[in-house]
S.K.: 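Pasting a structure below so you can have a look.
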Amino acid sequence: QVQLVESGGGLVQAGGSLRLSCAASGIIFSISRMGWYRQAPGNQRELVATISNDGSRTYADLVKGRFTISRDNAKNTVYLQMTSLKPEDTAVYYCTTNRRGADYWGQGTQVTVSS
């Protein structure tokens with residue numbers, strides 16, 4: 001079955017950086033489109049970034065220029081490098097992929113940015 005396991009979250013001061021990782025199994029990673037979403041309490045889950053198998057990337061406007069999504073197919077891992085973090089980036093960050101029209105999610109990793 002599909003498994004996505006996020007790691008790398010934590011507490012960081014505004015302006016700091018974190019790198020999130022998502023280790024995937026149960027999928028053919030090299031041909032899978034991967035993404036990151038985030039959800040703060042009381043908010044909708046929102047798309048942060050995606051990366052296709054050809055390396056093309058998309059970003060939400062709020063994170064453009066600050067976040068970078070990347071993938072390492074040899075490690076079946078997708079990353080989210082976050083810089084210039086703001087308190088409004090505080091959320092649970094989820095890794096996601098899609099297979100046969102169905103979405104799959106990791107358990108999430110908490111990112112907290114203090115003022």
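Model, not experiment: these values are computed from the prediction. Numbers here are sequence positions counted from 1.
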S.K.: With a 4.5 Å cut-off on side-chain heavy atoms, are M34 and I27 touching?
M.R.: yes
S.K.: Side-chain contact test, heavy atoms from C-beta onward, threshold under 4.5 Å: evaluate it for T68 versus L80 and give yes or no.
M.R.: no
S.K.: Mark yes or no: R71 above the aromatic ring of Y79, with NZ or CZ under 6.0 Å from the six-membered ring centre and no more than 45 degrees from the axis.
M.R.: no
S.K.: Do V78 and C95 have side chains that approach each other closer than 4.5 Å (heavy atoms only, starting at C-beta)?
M.R.: yes
S.K.: Should Q81 and L18 count as side-chain neighbours, where that means a heavy-atom distance under 4.5 Å?
M.R.: no
S.K.: Is there a donor-acceptor contact under 3.5 Å from the side chain of E6 to the main chain of G108?
M.R.: yes
S.K.: Kindly check if the number of other-residue, nucleotide or ligand heavy atoms within 6.0 Å of CG (L11) is above 12?
M.R.: yes
S.K.: Can R33 and T50 be counted as having a side-chain donor-acceptor contact under 3.5 angstrom?
M.R.: yes
S.K.: Treating R38 as the side-chain partner and V111 as the backbone partner, does any N or O pair qualify as donor plus acceptor under 3.5 Å?
M.R.: no
S.K.: Working to the nearest 0.5 Å, report the span between OG of S30 and CG of D72.
M.R.: 12.0 Å
S.K.: Please determine whether residues L85 and I69 belong to a single hydrophobic cluster, defined as Ile, Leu, Val, Met, Phe, Trp and Tyr linked transitively by side-chain heavy-atom distances below 4.5 Å.
M.R.: yes
S.K.: What pair of heavy atoms forms the shortest contact from T96 to L4, and how long is it?
M.R.: CA-CD1, 3.8 Å
S.K.: Aromatic rings F67 and Y93: how do their planes relate, parallel, tilted or perpendicular, breaks at 30° and 60°?
M.R.: tilted
S.K.: Check whether any side-chain heavy atom of Q107 lies under 4.5 Å from a side-chain heavy atom of V5, and answer yes or no.
M.R.: yes
S.K.: More than 12 foreign heavy atoms under 6.0 Å from CD of Q44: is that the case here?
M.R.: no
S.K.: Enter the distance from T58:OG1 to L47:CG here, rounded to the nearest 0.5 Å.
M.R.: 5.5 Å
S.K.: So does T112 get a backbone contact from the side chain of T90, meaning a donor-acceptor N/O pair under 3.5 Å?
M.R.: no
S.K.: Would you find a donor on one side and an acceptor on the other, under 3.5 Å apart, between the side chain of S84 and the backbone of G15?
M.R.: no
S.K.: Regarding R99 and Y104, do their side chains bring together a donor and an acceptor under 3.5 Å, going by distance alone?
M.R.: yes
S.K.: Any chance you could measure S115, atom OG, to K86, atom NZ, to the nearest 0.5 Å?
M.R.: 12.5 Å
S.K.: Is T83 reaching over with its side chain to a backbone N or O of R66, donor-acceptor style, under 3.5 angstrom?
M.R.: yes
S.K.: Membership question, hydrophobic clusters at under 4.5 Å side-chain separation (ILVMFWY): are V92 and W36 in the same one?
M.R.: no
S.K.: Once you round to the nearest 0.5 Å, how far does CD1 of I51 lie from OG of S32?
M.R.: 12.0 Å
S.K.: Salt bridge (Lys or Arg N to Asp or Glu O under 4.0 Å) with D61: which residues, sequence neighbours excluded?
M.R.: K64
S.K.: If you measure from OG1 on T77 to CG on L20, what distance do you get to the nearest 0.5 Å?
M.R.: 12.5 Å
S.K.: Examine R45 relative to Y94 and say whether NZ or CZ is less than 6.0 Å from the centre of the six-membered ring and inside a 45° cone about the ring axis.
M.R.: yes
